[in-house]
Amino acid sequence: MRKRVERLRGMHDLLPEAQQQQSWLIDYLATFLSKAGYTSVDSPVLERSDLFLASFGQELWQNLYAFRLHNRDLCLRPEYTASICRLYLDHYQQQPLPLRFQYAGPIFRYEAPGRSRYRQHMQLGVELFGGHAVAADAEILQLASDVLSELHIPQYRLELGHIGVASGFINR
């Protein structure tokens, strides 16, 4: 008896209509972010696992699609920020600041799948390197509000967190 080939649990196929909508949205937002001064960059979907250990922490480490190949610990990108920071250090560290980057692409997290909860996601975001910290935070918040307005999303709630605050509580 022949075994049926099925897609992996927690993954989903993008059929033509959904693929067109996603592509349109990404292109639309890329143009919007470009007008706001954010340059498009991308990083490999495969990175060294230790890049994410610091940002993910030990408890989320188990959610990585990680494997060992040719004596190297590798993983599929679980989020973009660490990869974009690595990209900045590799290519832009000597450039004058501030630098503004935008990105969009797939990320992978090995989490329990459920209804409308998948292990592969599309992430679109921005990173701002340099400049005054308060002004940079305000710029990102304003940009988030502008994007939501541009998409005609009238009601939303922005939840803010700061890793430094959370780390301080944990360390105490």
Which Ile, Leu, Val, Met, Phe, Trp or Tyr residues join [X] in one cluster when any pair of side-chain heavy atoms under 4.5 Å counts as a link?
{"X": "L74", "answer": "L8, M11, V45, L46, Y65, F67, L69, L76, F108, Y110"}
{"X": "L15", "answer": "none"}
{"X": "V5", "answer": "none"}

Provide the closest heavy-atom pair for P44 versus R86 in the form atom of the first, atom of the second, distance.
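What the structure gives for the nearest pair is CD-NH2, 3.4 Å.
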
Search all heavy atoms of A136 against all heavy atoms of G130 and return the closest pair with its distance.
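Scanning both residues completely, I find the closest heavy atoms to be CB-O, 4.3 Å.
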
Checking R100 now: which residues fulfil side chain to side chain donor-acceptor pair (under 3.5 Å) with it, not counting sequence neighbours?
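Side chain to side chain donor-acceptor pair (under 3.5 Å) check on R100 returns E139.
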
Using atom types as modelled and distance alone, determine if a side-chain donor or acceptor of S34 lies under 3.5 Å from a backbone N or O of A30.
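Answer holds: no.
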
Suppose we screen for salt bridge (Lys or Arg N to Asp or Glu O under 4.0 Å). Which residues come up paired with E17, at least two apart in sequence or across chains?
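For E17 there are no salt bridge (Lys or Arg N to Asp or Glu O under 4.0 Å) partners, ignoring immediate neighbours.
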
Is the ring centre of Y88 less than 6.0 Å from the ring centre of F101?
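When the ring centroids of Y88 and F101 are compared, they turn out to be at least 6.0 Å apart.
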
With heavy-atom distances below 4.5 Å as the criterion, would you say the side chains of Y80 and D42 are in contact?
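Yes; the side chains approach each other to less than 4.5 Å.
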
Looking only at side-chain N and O atoms, does T81 offer a donor or acceptor that is under 3.5 Å from a partner on E127?
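E127 vs T81: donor-acceptor pair found between side chains.
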
I'd like to check the ring pair (Phe, Tyr, Trp, His ring centres under 6.0 Å) partners of H12; sequence neighbours left out, ordered by chain and number.
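With neighbours one apart ignored, the set is Y118.
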
